[in-house]
Amino acid sequence: MQSRTKSREHFERASRSIPGGVNSPARAFGGVGGHPSIIARGDRQYLYDIDGNRLLDYIGSWGPHILGHRHPEVIAAITQALETGTSFGAPTEAETELAEFIVHTIPSIEKVRMVNSGTEATMSAIRLARGFTGRSVIVKFAGCYHGHVDSLLVQAGSGALTLGVPSSPGVPAGCTADTVNLEYNDVQELSDTFAKRGSEIAAVILEPVVGNMGLVKPTPEFLAALRELCTRHGALLIFDEVMTGFRVAFGGAQELFGIKPDLTTLGKIVGGGMPVGAYGGRADVMDAISPVGPVYQAGTLSGNPLAMASGLATLRVLKKTNPYPELEAKSARLCGELSKAATAAGIPHTCPRVGSMFTLFFNPEPVTGFRVAKTSDTQRFAKFFHGMLGRGIYLACSQFEAHFVSACHTDEDIDATVQAAREVFATL
Ligand SMILES: *Cc1c(COP(=O)(O)O)cnc(C)c1O
């Protein structure tokens, strides 16, 4: 078992000047207890903490590092950009190059605007959808996360057709009054909602493969109904591909499933580890944003040269190397072996996966949406998590997160992960 004394001491120090010791709550170990590892550096598929432990990383900064940490071409591009300055507040060539790359890669995107985070991307896409349609209502799904946007921070309810109730103090009820929260994959509830309120709905936003309640796959019927109902009622379909873009396929979930949303939000991989978000889609819709149209959206650091260099280099390497078939094969083997080991140990579980994203749910039911996801055995997960961490396997510190395999993970890494899991399963 690895020692984590320095991390614990540093976390106590951090907690005195940073709320909860973290700059984003997903890092805080709230779901599993204990304290996070304080990271000193990353290299390829590994993180190294300040105690000197090497951790096999299945988080990749929560998605961005599909190429592993410090890919040489990405680091070279950032270094080169640094030589020319860090920010100009004026257009650069790199912004156009990244925009062109996105337009060529993501099937439904004709025009795209850069922002600084996934949250900014979804917030802006929602404003644009409302401005373009002249309608107010946004439909979202329980368990999908779209960043900490006021109008999208709506508690997953019972899945009933209810008006949104804010899930955080500080979000006035007025901000979520026009948010309708439905159960993922429930075609009936979706079509009932459109039947009742179709003419009020500006947009439906979803993760086309959910990562943020753990991995949940959409059914083909659900995807088809979303596209058909939005088109029929004049609502915009927004795919939040902040996590799935360039991850489940180079062209994202929309390429994988052959469904064209009206708007798409991107983040994570598109910045290659730098703070980048983007939203794009139909040119007629995108031209409603300022300065062409009336919907206002801006950013002092948007299209930042270092961030553009990092994103562009990442996408270029992905295009050149096409790691997707290998990611698919490695991830399939990992999930298959984990599942076999859990079954052998008599542990009820399910391990859904799309490409290099997966979640091991301690739940015997197929997880189709939030109602089932939240019945998972989180105490068993917490024990599993700590057992794996003690063996140098760095997993997400919550049952309700996806894991990511990178292009750097080797067959030996996968064998080591399965072996560690076997040992831990025997203790659960
Ligand atoms: C991570 C994520 C976001 C938020 O992105 P940030 O960069 O953390 O603001 C939004 N949507 C999805 C699907 C995400 O996975």
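Atoms within each ligand, like the ligands themselves, are counted from 1 in listed order.
- The pair Arg16-Glu12 does not count as a salt bridge, with every side-chain nitrogen at least 4.0 angstrom from each carboxylate oxygen.
- If you number the atoms of ligand 1 from 1 as listed, the ones under 4.0 Å from a heavy atom of Gly118 come out as 4 (C), 5 (O), 6 (P), 7 (O), 9 (O).
- The pair Arg227-Asp262 meets the salt-bridge criterion, since a charged nitrogen lies less than 4.0 angstrom from a carboxylate oxygen.
- Nearest protein neighbour of atom 9 (O) of ligand 1, counting heavy atoms only, is Thr119 OG1, 2.6 Å.
- Ion pairing of Arg353 with Glu328 is present here, as a side-chain N (NZ or NE/NH1/NH2) and a carboxylate O approach within less than 4.0 Å.
- Taking only nitrogen or oxygen atoms, main chain and side chain alike, Thr122 does not reach within less than 3.5 Å of ligand 1.
- Using a 4.5 Å heavy-atom threshold, the side chains of His69 and Leu47 count as touching.
- With respect to atom 3 (C) of ligand 1, the closest heavy atom belonging to the protein is Val242 CG1, 3.7 Å.
- Heavy-atom proximity to atom 1 (C) of ligand 1, evaluated over Lys268, Met243, Glu207, is greatest for Lys268.
- Note on ring orientation: taking the six-membered ring where Trp is involved, the planes of Tyr184 and Phe141 are perpendicular (angle over 60°, cut-offs 30° and 60°).
- No part of Thr265 comes within 4.0 Å of ligand 1, judged by heavy-atom distances.
- For ligand 1, the atoms sitting less than 4.0 Å from at least one non-hydrogen atom of Ser117 are 7 (O), 9 (O), numbered in the order shown with element in parentheses.
- When atom types are taken as modelled, the side chain of His409 and the backbone of Ser406 share a donor-acceptor pair closer than 3.5 angstrom.
- Atoms of ligand 1 lying under 4.0 Å from any heavy atom of Asp240, numbered from 1 in the order shown and given with element: 10 (C), 11 (N), 12 (C), 13 (C).
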